[in-house]
Amino acid sequence: MYQWAVELIKKGKAYVDDLSMDEIREYRGTLTQPGKASPHRARSVEENLDLFARMRAGEFPDGAKTLRAKIDMAAGNLNLRDPVMYRIRHAAHHRTGDAWCIYPLYDWAHGQSDSIERVTHSLCTMEYEDHRPLYDWYLDALGIFHPRQIEFARLNLSHTVVSKRKLLQLVNEKIVAGWDDPRMPTLSGLRRRGFTPESIRDFCERIGVGKTQNLIELALLEHCVREDLNRRARRVMAVLRPLKVVIENYPAGQVEEIQAVNNPEDAAMGTRAVPFARELWIEQDDFRENPPPKYFRLSPGAEVRLRYAYIIKCTNVVKNDRGEIVQINCTYDPATRGGAADRKVKGTIHWVSAQHAHALQARLYDTLFLAPKPDEDENWQAQINPHSLERLTNCVGEPALANAAPGERFQFERTGYFCVDSDSTREQLVFNRTVSLRDTWAKVEKGF
RNA sequence: UGGGAGAUGGUGCAAUGGUAGCACGACUGACUCUGGAUCAGUUAAUCGUGGUUCGAAUCCACGUCUCCCAGCCA
């Protein structure tokens with residue numbers, strides 16, 4: 001690349017300039033007014049060659065001189081007003097160390113690097129459209145293999161930011177735990193969150209490619225994972241916010257093995273046994289002392305089916321001193337095991353046998369930003385969602401979960417898709433909620 | 001007279017002179033031991049004004065709006 005710069009000097013298409021950064025800016029003109037030529041623009045080829053060699057040799061301090069392309073100081077496109085190609089930086093490079101003290105600028109490096117690599121099509125985002133004439137100019141001036149740069153609109157996702165600089169800020173300011181924080185729209189973040197590669201590719205295919213400013217709804221990404229995970233994820237029962245249920249007429253000490261299917265979408269995934277006993281955990285959400293209309297779950301006097309097991313009826317609510325519900329007493333109907341019944345029950349809820357329960361943690365994620373377009377706000381950080389992460393530390397899961405490995409994905413029945421996080425230890429499994437299941441009841445209840 | 005790009009349902013992408021279509025969302029309903037999944041249906045769009053044409057989202061003219069550019073960042 002250095003040799004190419006020398007070549008441009010020899011062709012009279014580049015010159016060494018002594019102007020300071022501020023002076024260059026001043027000479028560049030404005031959007032509506034043309035710039036004016038630097039006093040050093042007319043230096044001879046010999047002088048330029050000499051000066052450039054001395055720049056490279058380290059004779060001048062940082063910022064003292066630059067190498068600029070000689071194009072057109074009156075161009076409407078500011079990128080063509082004699083852009084800087086090389087500047088002096090006495091700095092160590094992470095690969096070449098102290099070998100160089102002059103470094104090329106992006107525009108000068110871009111096309112030539114593509115050319116060396118024999119890239120045929122160089123894809124980038126729309127903001128580089130103004131740089132393409134320069135990209136082409138360098139390649140043409142050099143007469144080397146000419147790749148073609150094509151610009152496309154970047155993908156904007158709702159309720160997040162995708163700018164690398166903003167993402168970097170989130171990391172630096174510890175707003176997220178790192179680049180792979182499960183809330184980050186990075187590949188490592190999505191992966192840790194539990195998104196499958198297939199679902200991401202499917203998403204990319206569906207959103208297409210265009211040149212218009214866009215804002216893709218997060219709902220589409222979520223749809224893609226749900227669709228993929230629905231097909232592949234093992235179902236399992238886990239209770240996120242446990243509430244104790246005691247089945248009064250079930251023999252103490254008795255344990256039954258209940259068969260449960262691992263994936264209703266794929267019979268080949270088989271079945272497993274889930275232990276059932278007198279004391280169970282159910283979801284706090286699945287009981288209401290004063291149920292709203294159309295509430296199909298458990299409430300005083302009401303019946304509900306325990307998934308794969310029996311129909312139970314709530315007979316009594318036990319509260320503590322503060323009036324909080326701490327336990328539900330029920331009776332079960334022995335004739336209704338595994339779906340058998342002489343009557344219809346509207347609701348089916350998941351459960352975990354208390355004595356067999358495996359303790360686990362769950363991390364529930366919400367969008368990182370409250371507004372669909374946080375970028376629209378000058379102060380985009382004000383849109384950060386303070387509740388984008390909720391840690392639940394008292395969850396329980398069926399025994400089958402005990403030896404889940406990091407990265408493994410499950411569907412917790414009725415709640416969502418979860419992925420074992422890398423923070424998990426042998427004693428304590430941590431699950432990331434990839435995405436919740438579609439919850440039509442939540443929508444109905446919201447309407448009240 | 002700065003330069004460049006772009007405007008199609010709520011969202012994203014198609015249709016390049018010939019019935020504006022697909023997906024997501026939203027809303028109905030059916031079914032269901034996951035209020036999951038599935039199935040059926042409904043909703044809703046060509047930035048504006050002229051012009052060319054038998055016929056325009058598409059071609060032409062004028063206008064409107066949005067985005068990007070004044071780093072020795074990438």
Side-chain angles (χ1 to χ4, degrees), chain A residues 17 19-22 24-26 28-35 62-68 74-81 83-89 102-107 109-110 124-133 151 153 155-156 158 164-165 202-203 205-224 226-227 230-231 235 237 260-261 263-265 286 294-297 304-311 336-341 344-350 372 411-417 436-445:
Chain A
D17 198 358
L19 254 32
S20 70
M21 207 189 297
D22 289 340
I24 286 183
R25 183 179 304 129
E26 202 182 312
R28 184 156 34 226
T30 68
L31 289 177
T32 51
Q33 290 170 316
D62 286 3
K65 295 189 188 318
T66 55
L67 181 71
R68 302 179 67 181
N77 181 345
L78 269 49
N79 294 123
L80 265 20
R81 316 242 261 232
V84 173
M85 295 163 61
Y86 273 103
R87 84 291 217 183
I88 301 171
R89 282 268 182 289
I102 56 171
Y103 289 95
L105 272 88
Y106 173 85
D107 282 313
H110 190 195
C124 59
T125 37
M126 296 296 288
E127 60 266 33
Y128 292 95
E129 207 146 22
D130 284 337
H131 296 250
R132 178 152 40 92
E151 309 82 16
L155 142 71
N156 293 300
S158 74
K164 273 176 278 181
R165 293 171 190 211
D202 180 38
F203 172 67
E205 272 170 36
R206 292 194 200 218
I207 60 180
V209 184
K211 298 181 76 161
T212 62
Q213 304 118 239
N214 58 59
L215 182 73
I216 287 112
E217 290 174 338
L218 187 63
L220 181 58
L221 214 208
E222 294 183 335
H223 168 81
C224 293
R226 285 198 188 100
E227 191 176 73
N230 175 50
R231 222 177 50 239
R235 312 286 128 124
M237 289 197 285
V261 315
N263 188 340
E265 307 294 319
D286 288 339
K294 292 193 179 162
Y295 185 80
F296 300 153
R297 283 111 95 149
V304 77
R305 173 169 289 287
L306 292 176
R307 172 126 245 229
Y308 297 119
Y310 304 96
I311 290 175
T336 57
R337 179 172 164 165
K344 283 276 180 193
V345 192
K346 276 284 200 180
T348 298
I349 64 174
H350 58 281
Q411 182 198 96
F412 288 0
E413 293 223 24
R414 302 207 313 130
T415 59
Y417 295 99
S436 66
L437 248 26
R438 289 189 61 212
D439 188 351
T440 48
W441 164 247
K443 219 178 281 178
V444 171
E445 193 179 23

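Worth knowing before you read on, the calculation uses all heavy atoms, side chains too, and leaves out hydrogens, waters and symmetry mates. Because the structure is a prediction, the values reported are computed rather than measured. Numbered from 1 within each chain, the chains take letters A, B, ... in sequence-line order.
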Review item, nucleotides 11-15 of chain B N/O atoms under 3.5 Å of protein N/O:
from  : atom 1 : to       : atom 2 : distance (Å)
B:U11 : O4'    : A:Glu217 : OE2    : 3.2
B:U11 : O3'    : A:Leu215 : O      : 3.2
B:U11 : O2'    : A:Leu215 : O      : 2.9
B:G12 : OP1    : A:Leu215 : N      : 3.2
B:G12 : O2'    : A:Ile207 : O      : 2.5
B:C13 : OP1    : A:Thr212 : OG1    : 3.3
B:C13 : OP2    : A:Thr212 : OG1    : 3.4

Discussion item. Can you tell me if A:His223 touches the phosphate of B:C24, counting only side-chain N or O atoms and a distance under 4.0 Å to OP1 or OP2?
Written reply: yes
Discussion item. With a 4.0 Å cutoff (strictly under), does any side-chain N or O of A:Arg297 reach OP1 or OP2 of B:C33?
Written reply: no
Discussion item. Any side-chain N or O of A:Lys346 below 4.0 angstrom from OP1/OP2 of B:C33?
Written reply: no
Discussion item. Tell me if B:G71 is syn or anti. Syn = glycosidic torsion within 90° of 0, anti otherwise.
Written reply: syn
Practice prompt. Taking only the side-chain nitrogens and oxygens of A:Arg25, find out if one of them lies under 4.0 Å from OP1 or OP2 of B:G71.
Written response: yes
Item to complete: Ignoring backbone atoms, test whether A:Arg89 places a side-chain nitrogen or oxygen under 4.0 Å from the OP1 or OP2 oxygen of B:C73.
Response: yes
Worksheet item: Does OP1 or OP2 of B:C73 have a side-chain N or O of A:Arg87 closer than 4.0 Å?
Response: yes
Worksheet entry | Structure string for RNA chain B in dot-bracket form, Watson-Crick and G-U at under 3.5 Å, | interchain | .((((((..((((....[..)))).(((((.......)))))....(((((..]....))))))))))).....
Worksheet entry | Aromatic plane relationship, A:His110 with A:Tyr128 - under 30° parallel, 30 to 60° tilted, over 60° perpendicular | perpendicular
Give every pair of a protein N or O atom and an N or O atom of nucleotides 38-40 of chain B that lie under 3.5 Å apart, one pair per line with the distance.
none

Worksheet item: Can you check whether A:Arg414 has a side-chain N or O nearer than 4.0 Å to OP1 or OP2 of B:G35?
Response: yes
Item to complete: Return yes if some donor-acceptor pair links the side-chain N/O of A:Thr336 with the main-chain N/O of A:Ile311 below 3.5 Å, else return no.
Response: yes
Practice prompt. With A:Thr66 as reference, evaluate A:Val84, A:Ile88, A:Leu19 under the side-chain contact (heavy atoms from CB on, under 4.5 Å) test and give the passing residue.
Written response: A:Val84
Discussion item. Is there a side-chain contact between A:Lys344 and the phosphate of B:C33, meaning an N or O under 4.0 Å from OP1 or OP2?
Written reply: yes
